[in-house]
Amino acid sequence: APRLGLSVPLLAAMSSSMPAERPSCANFGSGPCAKRPGWSLEGSVGDAALGRSHRSSIGKAKLLACCEETKAILGLPDDYLVGIVPASDTGAVEMVMWSMLGPRPVDICFWETFGKTWYDDAVNQLGLSDVREISAPFGSLPDLSQTDASHDIVFTFNGTTGGAKVPSLDWISDEREGLTICDATSAIFGMDMTPWRKLDVVTYSWQKVLGGEGAHGVLILGPRAVQRLESFQPKRALPKIFRMTKGGKLIKGIFQGETINTPSMMCVEDYLDALRWAKSIGGLPALLAKSAANFKVLADFEAKTGWLEFLCAVPEHRSNTSVCFKMKAPSGEPMGSDAVAKFRKLLEQKGVCFDIGAYRDAPAGLRIWCGATVEQDDLRVLTLWLKWAYQQVQAAQ
């Protein structure tokens, strides 16, 4: 195998040059993600309606503001609805699948962990008989043109654990008969997802690009999704937290701040703070620009190292939020999982980088978050520490 030009003696000689700079925030994990720059407990959530009912006037007003501000920042069409639902993005996806899937064949497109979960649930839990798998390995995209416009289509916009994203929505027909159901949790607010009319259902959680807290999901429904809910009654039993209709009509309160179950008003305030911050820096265009600039820092570093390699080989398909890498030994062979673990542990011990390990069932490597709450200069400093830690680990081999 070709060598990378980094002999062990040279690495040993270089290994003492520990960087003098440290990131201002060492949180580079892919969920929960870093809080927004300048966040503080008192300053950001001090106005939370703690001890108040979520059904009180102040509680409902804050929940409604979450829905309305989300819609405004994203620039959703007027007839799209935004609601807060239980159990993070997982809960949002599951309530959609259990409530809407069944009347048509289903194409489920996946190339990483969570998309495969939706496929497994459709087949093994919902027991749907007409489900097509359109899949690819970690770091790759399947041929999305294989989808059938007469089918319902379920897909993840960005493969959080695989580092590959959908580059556009051109493959979705404007004349489709089925619904498009998009798990967008690590894409929304970080990638251009327009035109929204291509997507009938969008789900996400607060804990990704905006750096919110876990446990709450967001559900966005277009008019075609509402029509499905009001015209299709699944034969299977639906738990209370999955029910979005009553008497064959949409429960509109879910999309007006009247949640199905009790939310955390602390987390609600934190999300409102994140939305205010997003608006203050320039809204969605600024969020997208920050994530793109963050990604460029890592892309430039990867191009220079020789020992770091994108898990996704196609540049246009590379995620700019959950950025996934493979690592190489000086021999050019893949770095072993033990060495990768030592690399990460060393960075954590120095307090300069946390939670950047690849997902548990993904190939051994790194996953570094580049969403808008991460600062570009912190990523620049991180690359200095990545280089140092690699030298340390290889010198110790």
Side-chain angles (χ1 to χ4, degrees), residues 23-76 82-89 91-92 184-191 202-220 255-259 262-291 294 321 354-355 369-378:
S24 61
C25 177
N27 298 333
F28 297 100
S30 295
C33 300
K35 308 301 288 182
R36 67 161 177 86
W39 186 95
S40 69
L41 188 61
E42 183 176 348
S44 301
V45 295
D47 196 34
L50 303 183
R52 295 297 306 274
S53 170
H54 61 296
R55 303 194 189 284
S56 66
S57 58
I58 186 173
K60 286 196 291 186
K62 287 180 177 292
L63 288 161
L64 178 59
C66 289
C67 301
E68 291 179 339
E69 289 300 312
T70 295
K71 185 173 182 177
I73 290 174
L74 291 175
L76 296 172
V82 179
I84 298 167
V85 298
S88 196
D89 179 62
T185 197
S186 59
I188 202 162
F189 297 108
M191 301 174 186
V202 178
T203 68
Y204 70 96
S205 66
W206 295 344
Q207 63 172 329
K208 297 291 187 181
V209 176
L210 292 183
E213 293 301 300
H216 301 76
V218 175
L219 176 61
I220 299 172
F255 306 92
Q256 297 170 345
E258 299 172 14
T259 54
T262 307
S264 162
M265 297 309 295
M266 177 76 83
C267 294
V268 166
E269 195 66 32
D270 185 63
Y271 183 58
L272 286 171
D273 174 75
L275 292 170
R276 288 191 292 268
W277 167 76
K279 188 175 181 178
S280 74
I281 67 169
L284 187 60
L287 295 173
L288 302 187
K290 279 201 72 177
S291 186
N294 286 344
T321 55
F354 299 107
D355 307 324
W369 186 252
C370 286
T373 57
V374 174
E375 293 285 59
Q376 185 176 355
D377 195 59
D378 282 343

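Note: hydrogens, waters and symmetry copies are ignored here, and every other heavy atom, side chains too, is used.
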Check your understanding: Are W369 and F28 close enough that their ring centres sit under 6.0 Å apart?
Key -> no
Review point. Donor-acceptor pair, H216 side chain versus S264 backbone, under 3.5 Å?
Key: yes
Exercise for review: Decide if atom NZ of K71 counts as having more than 12 heavy atoms of other residues, nucleotides or ligands within a radius under 6.0 Å.
Suggested key: yes
Review point. Between S291 and T321, is any side-chain donor less than 3.5 angstrom from a side-chain acceptor?
Key: no
Practice item. Specify the closest pair of heavy atoms between S53 and S56, including all atoms of both residues, with the distance to one decimal. Key: O-OG, 2.6 Å
Review point. Does a sphere of radius 6.0 Å around CZ in R276 hold more than 12 heavy atoms from other residues, nucleotides or ligands, not counting ones at 6.0 Å or beyond?
Key: yes
Check your understanding: Under 3.5 Å, side chain of K290 to main-chain N/O of A372, donor-acceptor pair present?
Key -> yes
Point to revise | Where at least one partner belongs to residues 25-45, residue pairs that pass salt bridge (charged side-chain N to carboxylate O under 4.0 Å, His left out), sequence neighbours excluded | key: K35-E213, K35-D270, R36-D273
Study note, to complete from the structure: Correct closest heavy-atom pair for Y271 and C66 would be CD2-SG, 3.7 Å
**Study point:** Check: S24 main-chain N/O paired with D378 side-chain donor or acceptor under 3.5 Å
**Key:** yes
Practice item. Please test E269 against K62 for salt bridge (charged side-chain N to carboxylate O under 4.0 Å, His left out), starting from the C-alpha separation and ending with a verdict. Key: CA-CA 8 Å; E269 195 66 32; K62 287 180 177 292; 2.8 Å; yes
Check your understanding: What class does the angle between the rings of Y204 and F189 fall in, given that below 30° is parallel, 30 to 60° is tilted and above 60° is perpendicular?
Key -> perpendicular
